[in-house]
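To start, the structure under review is shown below, and the notes come after it.
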Amino acid sequence: MSQEEKLKEFERKIESGEKIEPKDWMPENYRKQLIRMMSQHAHSEIVGMLPEGNWITRAPSLRRKLGLLAKVQDEAGHGLYLYSATETLGVDRSELIENLHNGKAKYSSIFNYPTLTWADIGLIGWLVDGAAIINQTMLAKSSYGPYSRALIRICKEENFHKKQGYEIVSKLAGGTKKQKEMVQEAFNRWWWPTLMMFGPPDKDSPNSAELMKWKVKLNSNDDLRQRFVNLTVPQAIAVDLKVPDPDLKYNEETGNWEFGEINWEEFWNVVKGNGPLNKERLKVRNDAHDRGAWVREAAEAYASKHSSLN
Ligand code: 3HC
């Protein structure tokens, strides 16, 4: 088949909703976009373990510790799952991880914010995983087979993460005056950075058009952000928390909770590496990678010895 015929066949599959599989022909840009998006997604899962891991030794009860331990272990699994899915595109995970460690690759902005109190762990589960569920439920329908299948499994675990987070928030919101103040203060810190998780406004999103043309993204950044706000505001009201947005108002006609202006300067600042904890997050990841070098060397030595014996 000529390049033209291959492109036609690829576009026919996309249009008909067929999944593109690793061995199928695909435009180079489709492959590049997927490597960028999927590897950064995997990086986000791995770096996302850090803010929460900070509270494992300080969880207020054994039950809370068990829930948090399970969640952090799940995130590690999501990261490894997504690195494996990315490797089906012909890249090696060591190269992807190198790009995370040297600052070339991105990970979700949200994980550069500190977890100052136990309430932050509830907010991460409720808001951050809640946002991730909205984004990932869409991506579970994306045109690239390995990505879509990885996300079907990941979404099931995210739902548990969100439930345990919202339970923590509702307990604190219904607790003592101090607990209520603590969870409201955390909500005030996490609300806006969570809205930024969905990416820049559609008008400033250089990748969306191509990703939507090829049905990797089925909804735009702004659509998913609005969906998140519409779902989450009633949940905040249900536990008597005040959404930190004086411009928030319900539009009867559209059914949308309209919200105030997002601080895009803060967003791009964090994305560019100047957020509250960007440097610390990368240092922790680099140190962990260096400390683990002996494990990789031993595994490689074992593998090469055994492959030469076969
Ligand atoms: N944090 C960091 N960088 C971001 C960002 C964010 N929240 N939002 C956008 N960006 C970056 C993009 O990566 C892109 O830069 P690049 O071209 O160098 O990669 C640039 O800003 C422009 O943004 P675009 O809208 O053009 O980029 P995309 O079309 O890729 O959309 C996205 C951004 C919505 C994050 C999309 O990449 C996506 O859906 N990725 C997969 C899901 C994902 O990565 N989620 C992160 C959270 S994972 C998580 O929360 C785990 C859970 O268990 C807690």
Side-chain angles (χ1 to χ4, degrees), residues 29 32-53 70-79 81-82 85-86 96 99-100 103-113 115 121 123-142 144 147-148 150-151 153-162 164-165 190 192-214 216-225 227-228 262 264 266-275 278 281:
N29 257 12
K32 277 196 187 127
Q33 277 283 17
L34 283 166
I35 290 172
R36 174 190 67 85
M37 198 166 151
M38 292 167 67
S39 59
Q40 292 183 163
H41 194 162
H43 298 332
S44 303
E45 301 279 3
I46 299 298
V47 176
M49 294 163 68
L50 299 177
E52 300 177 303
K71 176 175 185 329
V72 172
Q73 283 170 4
D74 282 350
E75 309 300 9
H78 296 173
Y81 225 53
L82 289 167
T86 312
L96 303 173
N99 286 339
L100 168 67
K104 264 201 215 131
K106 295 183 169 72
Y107 57 89
S108 191
S109 47
I110 192 74
F111 297 123
N112 291 304
Y113 291 83
T115 44
I121 298 304
L123 268 299
I124 290 181
W126 172 38
L127 296 187
V128 175
D129 286 70
I133 290 168
I134 289 185
N135 168 286
Q136 291 167 171
T137 307
M138 174 232 356
L139 293 169
K141 301 181 193 92
S142 85
Y144 188 55
Y147 198 23
S148 149
L151 286 166
R153 151 132 178 224
I154 287 174
C155 284
K156 290 186 181 118
E157 293 176 342
E158 298 293 12
N159 277 299
F160 146 69
H161 300 169
K162 178 176 173 179
Q164 62 91 37
W190 286 94
W192 291 103
T194 305
L195 298 195
M196 298 174 196
M197 270 178 78
F198 291 95
D202 296 344
K203 63 181 177 49
D204 301 333
S205 169
N207 297 294
S208 283
E210 201 164 47
L211 290 169
M212 292 184 83
K213 181 177 80 173
W214 286 329
V216 177
K217 261 186 178 179
L218 303 171
N219 304 87
S220 75
N221 298 354
D222 288 332
D223 284 353
L224 295 182
R225 195 178 351 261
R227 198 177 296 178
F228 170 78
I262 293 175
W264 292 114
E266 176 186 334
F267 168 75
W268 288 116
N269 229 351
V270 176
V271 170
K272 288 191 180 97
N274 310 314
N278 294 56
R281 296 292 185 229

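Since this is a predicted model, take the numbers as computed values, not measurements. Just so you know, ligand 1 is whichever comes first in the structure, and atom 1 is the first atom listed for that ligand. All heavy atoms count here, side chains included; hydrogens, waters and symmetry mates do not.
Under a 4.0 angstrom heavy-atom cut-off, Pro200 registers as being in contact with ligand 1. Put simply, part of Leu139 is less than 4.0 Å from ligand 1, judged by heavy atoms.
For atom 25 (O) of ligand 1, the nearest protein heavy atom (residue, atom name, distance) is Ser205 OG, 2.7 Å. For atom 27 (O) of ligand 1, the closest non-hydrogen atom on the protein side is Asn207 ND2, 3.4 Å. The nearest protein atom to atom 33 (C) of ligand 1, hydrogens excluded, is given as Lys217 NZ, 4.5 Å; this is a heavy-atom distance.
Taking every heavy atom of Val271 and a limit of under 4.0 angstrom, the matching atoms of ligand 1 come to 2 (C), 3 (N). Heavy-atom contacts of Asp129 reach the following atoms of ligand 1: 52 (C), 53 (O), 54 (C) (cutoff under 4.0 Å). Near Ser109, the atoms of ligand 1 lying under 4.0 angstrom from a non-hydrogen atom of the residue are 1 (N), 2 (C), 6 (C), 7 (N). Atoms of ligand 1 lying under 4.0 Å from any heavy atom of Gln40, numbered from 1 in the order shown and given with element: 13 (O), 19 (O).
If you look at Ile124 next to ligand 1, there are no close heavy atoms at all, none under 4.0 Å. By the criterion of a heavy-atom distance under 4.0 Å, the side chain of Asn135, and not its backbone, is placed next to ligand 1. With a heavy-atom cut-off of 4.0 Å, Ser44 touches ligand 1 through its side chain alone. When heavy-atom distances to ligand 1 are checked against a 4.0 Å cut-off, Ala132 comes that close only through its side chain, counted from C-beta outward. By the criterion of a heavy-atom distance under 4.0 Å, the backbone of Met196, and not its side chain, is placed next to ligand 1. Only side-chain heavy atoms of Lys106 come within less than 4.0 Å of ligand 1; its backbone N, CA, C and O stay farther off.
Contact record, Ala42 with Gly79: CB-O, 3.7 Å, taken as the closest heavy-atom pair.
Between His161 and Glu158, the side chains place a donor N or O and an acceptor N or O closer than 3.5 Å (distance only, hydrogens not considered).
At least one protein heavy atom sits closer than 4.0 Å to atom 2 (C) of ligand 1.
For a threshold of 3.5 Å applied to N or O pairs, the pair formed by Gln136 and ligand 1 contains no separation below that value. Not a single N or O atom of Leu211, backbone or side chain, sits closer than 3.5 Å to an N or O atom of ligand 1. Residue contacts with ligand 1: Trp268 is placed with no nitrogen or oxygen under 3.5 Å of a nitrogen or oxygen of the ligand (distance criterion only). Taking only nitrogen or oxygen atoms, main chain and side chain alike, Asp204 does not reach within less than 3.5 Å of ligand 1. Close N/O approach between Glu75 and ligand 1 is found [any backbone or side-chain N/O within under 3.5 Å].
The aromatic rings of His41 and Tyr147 lie perpendicular to each other, with more than 60° between the two planes, well past the 30° mark.
Between Gly199, Ser108, Cys155, it is Ser108 that holds the heavy atom closest to atom 46 (C) of ligand 1. Counting only non-hydrogen atoms, the option in Met37, Lys162, His41 that gets closest to atom 38 (C) of ligand 1 is Met37. Nearest-heavy-atom check against atom 41 (C) of ligand 1 across Phe198, Tyr107, Phe111, Tyr147 picks out Tyr147.
No side-chain donor-acceptor contact under 3.5 Å links Asp129 to the backbone of Asn159. The backbone N or O of Tyr107 lies less than 3.5 Å from no partner atom in the side chain of Ser44, so there is not a single donor-acceptor pair.
With respect to Lys71 and Asp74, no salt bridge is recorded, no charged nitrogen being found less than 4.0 Å from a carboxylate O.
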